[in-house]
> 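Starting off with a structure, shown below.
Chain A is the first sequence line, chain B the second, and so forth, proteins listed ahead of strands; every chain is numbered from 1.
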2 protein chains.
Amino acid sequence: MKIYPECIPCFFKQALTTLRMATPDENLHFKGLTEILKQMPELLKLPTPTHVGRVIHNLPKKIANNPDPYKEAKIRNTEQALKLYPKLKERVNNSKDRLLAAIKVAVAGNIIDFACGFNFKEDLEHTLNLDFQVLDYKEFKRELEEVDEILYLADNAGETVFDHVLIEELNKFNKKVLYAVRGVPVLNDATEEDARRASIHEVAEIINSGTDAPGAVLEYCTPEFRKLFYESKLIISKGQGNLEALSEVKAPIYFLFKVKCPGVARELGMNLGDIVFKRNAK
Amino acid sequence: MKIYPECIPCFFKQALTTLRMATPDENLHFKGLTEILKQMPELLKLPTPTHVGRVIHNLPKKIANNPDPYKEAKIRNTEQALKLYPKLKERVNNSKDRLLAAIKVAVAGNIIDFACGFNFKEDLEHTLNLDFQVLDYKEFKRELEEVDEILYLADNAGETVFDHVLIEELNKFNKKVLYAVRGVPVLNDATEEDARRASIHEVAEIINSGTDAPGAVLEYCTPEFRKLFYESKLIISKGQGNLEALSEVKAPIYFLFKVKCPGVARELGMNLGDIVFKRNAK
């Protein structure tokens, strides 16, 4: 996805959010924002917002000497989500179509997002009761039948618990799931540690994409991951960061996300708040 | 008021809002934002957010060759407000304390603000039913008794109609009102033309502050206005732009505004949405 004008104020808002998570020192907040101001004209030449996100979410870690600004928030969100797990399972158990219900649960977990801001309880309840605006479910089931393995691109910590619910359903179809996490802590995105805290290792193989961007920007992933990605027959990509990074990449990707910013809404002709399960163009 | 870190993303958001009002050409939106990116490190050395606002709201006019980007919006907002005038008067007529009711009406008009965004009907109804969080009304009435003339610093177009209601009440105390407007169109702030559209000339003398900033930054006002300002015995200052510009200036100012941004909220220890009628420190 290209960078829109509305991305520019948002980059600074996101940078400030991460600077504040990294340190209470307001001088460092100004220092970080000033550094990003200097770099921004060059950053705007990068191909996607996720490329810029990589810089604006990593710079605060260096400036504040804090390698994981969202550590506590990630643990808290995962614990909040784990408490909800029985109810999420009940939702799937009581549904007519377990797989579709689990896809809805997984997209609801996508509300946890410090880049855009969220209200855990309210946004979650609201999203669980939404209808999909784009739903390539039939096509997904057809493609699902033909594969043994699914590459699942994780997004945020806490959302991991919601992904767990979907992966359990995928396992029932005898599909192996490879759950790809970020290589280092960036934003509130899930690392291996965060995925294990949601017990993902019990239902999937956790793999490290190697990226330090808040999205699977392939050029920042390991060569091993890139090979795996291009050989994958079916990919589920969670969240806006992965969408922004991969929307132009030719691959059998199903993007599963909630529209949370005006740029993504405009790119896709959707409305803010819409939920989407969309097959990439072939 | 000083510039807070949270002002930085907001400056870009405001600039984009004005660029979009000035032209539909997205290339010019990028051009404007890129120019502001270049200037921002220097702009952050300016003393108040209103100083920066002056640059970010005037630059789009030059880039888009559009001297008054909010012209239509200002006319529309004034017409919307004029339709409400009978109801606003009724509110004052039915109140126990006409002056206080008119002050409430005037602050409710402060919701009209393209720098922060607003929903005319919803925000207005909500604000009319709010209680003041700071209300130096007794002190105001005492000071009012001692003066013949009030300098009234206008804010937005449309809000002018709400000011009209308050000025009518001030006139009942036999006070002459000088209604100070911006020197040129900037943001959606009231110029002489906008004030006349709200019939302010029938209840007050409209004077031109000469400023091209979205707030009465004295150094950008005419020498005549500055003299008048410093000789004034009682000043009513509407809105955040005037507050940000004048909060450090020693003068008998009553700031009448709604808290609409996190920076102002933090500066004053208030909450977003609060309404305030506050005497400047002596």
Side-chain angles (χ1 to χ4, degrees), chain A residues 1-47 49 52-53 55-57 59-60 63-64 69 114-117 119 261-263 265-267 272, chain B residues 1-47 49 52-53 55-57 59-60 63-64 69 114-117 119 261-263 265-267 272:
Chain A
M1 183 181 125
K2 71 172 183 170
I3 296 168
Y4 286 96
E6 54 263 49
C7 297
I8 299 173
C10 185
F11 289 145
F12 288 100
K13 189 167 148 265
Q14 287 188 51
L16 181 56
T17 301
T18 295
L19 284 159
R20 284 177 168 163
M21 294 298 277
T23 170
D25 183 344
E26 194 145 278
N27 291 325
L28 292 180
H29 301 167
F30 268 117
K31 192 180 167 188
L33 292 174
T34 306
E35 182 57 36
I36 290 167
L37 273 169
K38 272 188 227 158
Q39 292 188 28
M40 192 53 72
E42 278 305 304
L43 295 179
L44 293 177
K45 296 174 188 164
L46 290 169
V52 184
V55 177
I56 63 175
H57 289 293
L59 188 135
I63 281 186
F114 284 86
C116 300
N119 178 312
C261 81
R266 194 137 74 101
E267 172 86 5
L272 280 177
Chain B
M1 182 181 125
K2 70 171 184 170
I3 295 168
Y4 286 97
E6 53 264 48
C7 297
I8 298 173
C10 185
F11 289 144
F12 288 101
K13 190 167 148 265
Q14 287 188 52
L16 181 56
T17 301
T18 294
L19 284 159
R20 283 177 169 163
M21 294 298 277
T23 169
D25 184 343
E26 194 144 276
N27 290 326
L28 292 180
H29 302 166
F30 268 117
K31 191 179 169 192
L33 292 174
T34 305
E35 182 56 37
I36 290 166
L37 273 168
K38 271 188 227 156
Q39 293 188 26
M40 191 54 71
E42 279 305 305
L43 296 179
L44 293 178
K45 296 174 188 164
L46 290 169
V52 183
V55 177
I56 63 176
H57 289 293
L59 188 135
I63 281 187
F114 284 86
C116 299
N119 178 312
C261 81
R266 195 136 74 98
E267 173 86 4
L272 280 175

> So which atom in A:G32 and which in A:I63 form the shortest heavy-atom distance, rounded to 0.1 Å?
CA-CD1, 3.3 Å
> For B:L44, which atoms come within 4.5 Å of any heavy atom of chain A: side chain, backbone, both, or neither?
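It is the side chain, since no backbone atom gets that close.
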> Please report the interatomic distance CG(A:L37) to CD(B:Q39), rounded to the nearest 0.5 Å.
12.0 Å
> For a side chain to side chain contact (heavy atoms under 4.5 Å, CB included) check, start with the C-alpha distance between B:L28 and B:K31, then their side-chain angles and the critical distance, and finish with the verdict.
CA-CA 5 Å; B:L28 292 180; B:K31 191 179 169 192; 4.1 Å; yes
> Within the 4.5 Å heavy-atom criterion, are B:E6 and A:R20 side-chain neighbours or not?
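A side-chain contact under 4.5 Å exists here.
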> Measure B:Q14 against the heavy atoms of chain A and call it side chain, backbone, both or neither at under 4.5 Å.
neither
> Okay, side chain of B:H29, backbone of B:A15: is any donor-acceptor separation there less than 3.5 Å?
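Between the backbone of B:A15 and the side chain of B:H29 there is no qualifying donor-acceptor contact (under 3.5 Å).
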> Check whether B:F11 gets within reach of chain A through its side chain, its backbone, both or neither, counting any heavy atom under 4.5 Å.
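No part of B:F11 comes within 4.5 Å of chain A.
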> Using a 4.5 angstrom heavy-atom cutoff, name the option from B:K38, B:K13, B:E26 with the most pairs to chain A.
B:E26
> Do you know which of A:I3, A:L19, A:L33 has the most heavy-atom pairs under 4.5 Å to chain B?
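Heavy-atom pairs under 4.5 Å are most numerous for A:L33.
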